[in-house]
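These notes are about the structure you will find just below.
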Amino acid sequence: AAKSTRGNQYRLYRDNMDEANDKWLLLETKLHQALKQDRLELHYQPKIDLKTDSVIGMEALLRWYDPELGHIPPDRFIPFAEDCGLINDIGVWVLRKACAQARQWNESHDLSLRVAVNISPIHISTGGFVDMVRSVIAETGIDPNLLEIEITEMSMLDYTEDLIDTIKQLRELGITISLDDFGTGYSSLNYLKKFPVDVLKIDRAFVRDIVPEKSGIAMISAMISLAHALNLQVVAEGVEEEAELNVLREHGCEYVQGYYFSKPLSVEDFTNLIVNTVTNKSSY
Ligand code: C2E
Ligand code: MG
Ligand code: MG
Ligand code: MG
């Protein structure tokens with residue numbers, strides 16, 4: 001009897017494996033189709049300059065809605081895309097779309113907004129990345145000084161001389177490089193010294209700890225000081241409360257992003273924000 005139970009368990013396990021495999025294939029097919037059929041979408045979250053309280057740019061954030069599966073958050077499908085090999089094609093699509101959109105907004109409204117694009121460490125480590133970026137810049141006509149690339153801290157773990165070289169080349173083009181989710185990865189301060197970035201993005205996990213915990217404030221303050229000591233600018237992510245904003249301001253943080261100001265917006269809503277801000281500059 002024991003034997004047959006084990007047999008059943010084995011079969012059950014196999015069935016689950018097959019099911020997981022089917023799901024994986026379905027998701028891969030769907031994501032591939034969504035990309036090919038231009039059904040992915042970018043939303044844009046404003047970045048605020050705390051010196052002027054104005055919108056200086058926006059981060060492009062990918063959205064995927066599937067009629068059967070519903071909204072699938074990027075935290076779930078980006079790692080999946082990295083596993084199944086779709087991430088590079090997605091990265092090129094996002095870069096093209098975001099650059100073209102930024103150029104259009106800047107031209108139509110006489111602005112100099114800087115657009116930030118998230119790029120997977122896998123993609124940036126792929127040969128030909130810089131050439132691809134160069135051709136997207138040429139094709140879309142974006143001023144490279146108004147383009148920012150966000151890379152997660154994770155990539156520092158397996159950083160190589162090649163990666164450092166790629167980042168240097170991107171910066172020579174005028175592109176701003178940001179280290180995303182700072183403080184949540186595994187990087188040592190030594191890596192940070194070697195890694196030629198322009199901006200540190202303090203992860204929301206630290207911003208959330210600001211109030212009312214005093215240790216949270218000490219941590220944020222130390223991170224901002226560290227960034228400034230290394231000549232880096234600081235963006236705080238996920239600012240939701242005025243109290244958080246006040247602490248960040250007090251400690252010299254340059255830029256913020258978060259629901260306190262705005263959620264990521266559709267193209268239509270971001271256009272409205274621009275129009276309202278341009279016609280009523282005091283609103284921010
Ligand atoms: P991220 O680059 O760190 O982006 C910040 C995330 O925080 C976004 O989540 C944003 O919507 C969310 N957020 C912004 N303000 C607040 C706030 O005040 N409170 C809270 N609770 N959340 C806030 P989202 O859009 O779900 O993206 C999650 C992650 O997926 C991103 O983290 C990024 O790592 C990745 N991702 C998104 N779009 C892309 C893309 O086009 N390419 C790549 N490679 N990764 C992407
Ligand atoms: Mg980001
Ligand atoms: Mg982040
Ligand atoms: Mg993140």
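Just so you know, ligand 1 is whichever comes first in the structure, and atom 1 is the first atom listed for that ligand.
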* **Atom nearest to the Mg ion (ligand 2) - E150, N, O or S atoms considered** => OE1
* Asked: Do L265 and T271 come within less than 4.5 Å of each other through their side chains, counting heavy atoms only?
  -> no
* To do: State the atoms of ligand 1, each with its element, that fall below the 4.0 Å cut-off from a heavy-atom position in Q45.
  => 14 (C), 15 (N)
* Structure fact -> If we number the atoms of ligand 1 from 1 as shown, the ones under 4.0 Å from a heavy atom of V94 are 41 (O)
* Asked: Does V235 belong to the same Ile/Leu/Val/Met/Phe/Trp/Tyr cluster as F206, with side-chain heavy atoms less than 4.5 Å apart forming each link?
  -> no
* Could you tell me how the ring of F270 sits relative to the ring of W105: parallel (under 30°), tilted (30 to 60°) or perpendicular (over 60°)? => tilted
* Numbered atoms of ligand 1 (with element) below 4.0 Å of E240, judged on heavy atoms -> 17 (C), 18 (O), 19 (N), 20 (C), 21 (N)
* Taking N or O atoms only and a 3.5 Å limit, does T152 qualify as a polar contact for ligand 1? -> no
* Asked: Below 3.5 angstrom, do we get any N/O pair linking R63 and ligand 1?
  -> yes
* So which N/O/S atom does D181 have closest to the Mg ion (ligand 3)? -> OD1
* Asked: Does I217 offer a backbone N or O that forms a donor-acceptor pair with the side chain of S221 under 3.5 Å?
  -> no
* May I ask you to decide if the ring planes of Y65 and H71 are parallel, tilted or perpendicular, using 30° and 60° as cut-offs? => tilted
* Using distance alone, decide if ligand 1 has a nitrogen or oxygen within less than 3.5 Å of any nitrogen or oxygen in Y260. => no
* Asked: How wide is the angle at the Mg ion (ligand 3) between OE2 in E237 and OD1 in D180, to the nearest 10°?
  -> 100°
* Under 4.0 Å from ligand 1, counting heavy atoms only, is it the side chain of H43, its backbone, both or neither? -> neither
* **Those atoms of ligand 1 less than 4.0 Å from some heavy atom in D180** => 1 (P), 2 (O), 3 (O)
* Structure fact -> Result for side-chain hydrogen bond (donor to acceptor under 3.5 Å, both in side chains) between E59 and one of R114, Q45, K47, K201 points to K201
* Asked: Is the closest N or O pair between I78 and ligand 1 shorter than 3.5 Å?
  -> no
* Is any side-chain heavy atom of V256 less than 4.5 Å from a side-chain heavy atom of V207? -> no
* Asked: Do we see a donor-acceptor contact under 3.5 Å between the side chains of T184 and D203?
  -> no
* Look at the N, O or S atoms of N118, main chain and side chain alike, and state whether any lies under 2.8 Å from the Mg ion (ligand 2). => yes
* To do: Output the distance between atom CD1 (I224) and atom CD (E250), rounded to the nearest 0.5 Å.
  => 10.0 Å
* To do: Please check if any side-chain donor atom of E172 sits under 3.5 Å from a side-chain acceptor atom of Q169, or the reverse.
  => no
* To do: Compute whether any side-chain donor of one residue and acceptor of the other, for E254 and Q233, lie under 3.5 angstrom apart.
  => no
* **ligand 1 versus R204: contacting region, heavy-atom distance under 4.0 Å** => side chain
* Of all N, O or S atoms in E59, which has the smallest distance to the Mg ion (ligand 2)? -> OE2
* **Donor-acceptor pair between E268 and N272 side chains, under 3.5 angstrom** => no
* Give the contacting part of I90 toward ligand 1: side chain, backbone, both or neither, where contact means a heavy-atom distance below 4.0 Å. => neither
* Asked: Given side chains that start at C-beta, do those of F261 and Q257 come closer than 4.5 Å, heavy atoms only?
  -> no
* Asked: Taking atom CD of E237 and atom CD of E150, what is their separation to the nearest 0.5 Å?
  -> 6.5 Å
* Asked: Numbering the atoms of ligand 1 from 1, which are under 4.0 Å from a heavy atom of G258?
  -> 15 (N), 18 (O)
* **Atom indices of ligand 1, in the order listed, that fall short of 4.0 Å to a heavy atom of G238** => 15 (N), 16 (C), 17 (C), 18 (O)
* Asked: Considering only heavy atoms, which of Y259, F261, W64, W93 lies nearest to atom 13 (N) of ligand 1?
  -> Y259
* To do: Please state whether E59 comes within less than 4.0 angstrom of ligand 1, counting heavy atoms only.
  => yes
* Close-contact set for ligand 1 against P264 heavy atoms, below 4.0 Å -> 11 (O)
* Asked: Going by the atom numbers of ligand 1, which of them fall below 4.0 Å from some non-hydrogen atom of S120?
  -> 44 (N)
* To do: Could you pull out, from L95, L42, N118, the option with a heavy atom nearest to atom 44 (N) of ligand 1?
  => N118
* Asked: At under 4.0 Å between heavy atoms, which part of E237 makes contact with ligand 1: side chain, backbone, both or neither?
  -> side chain
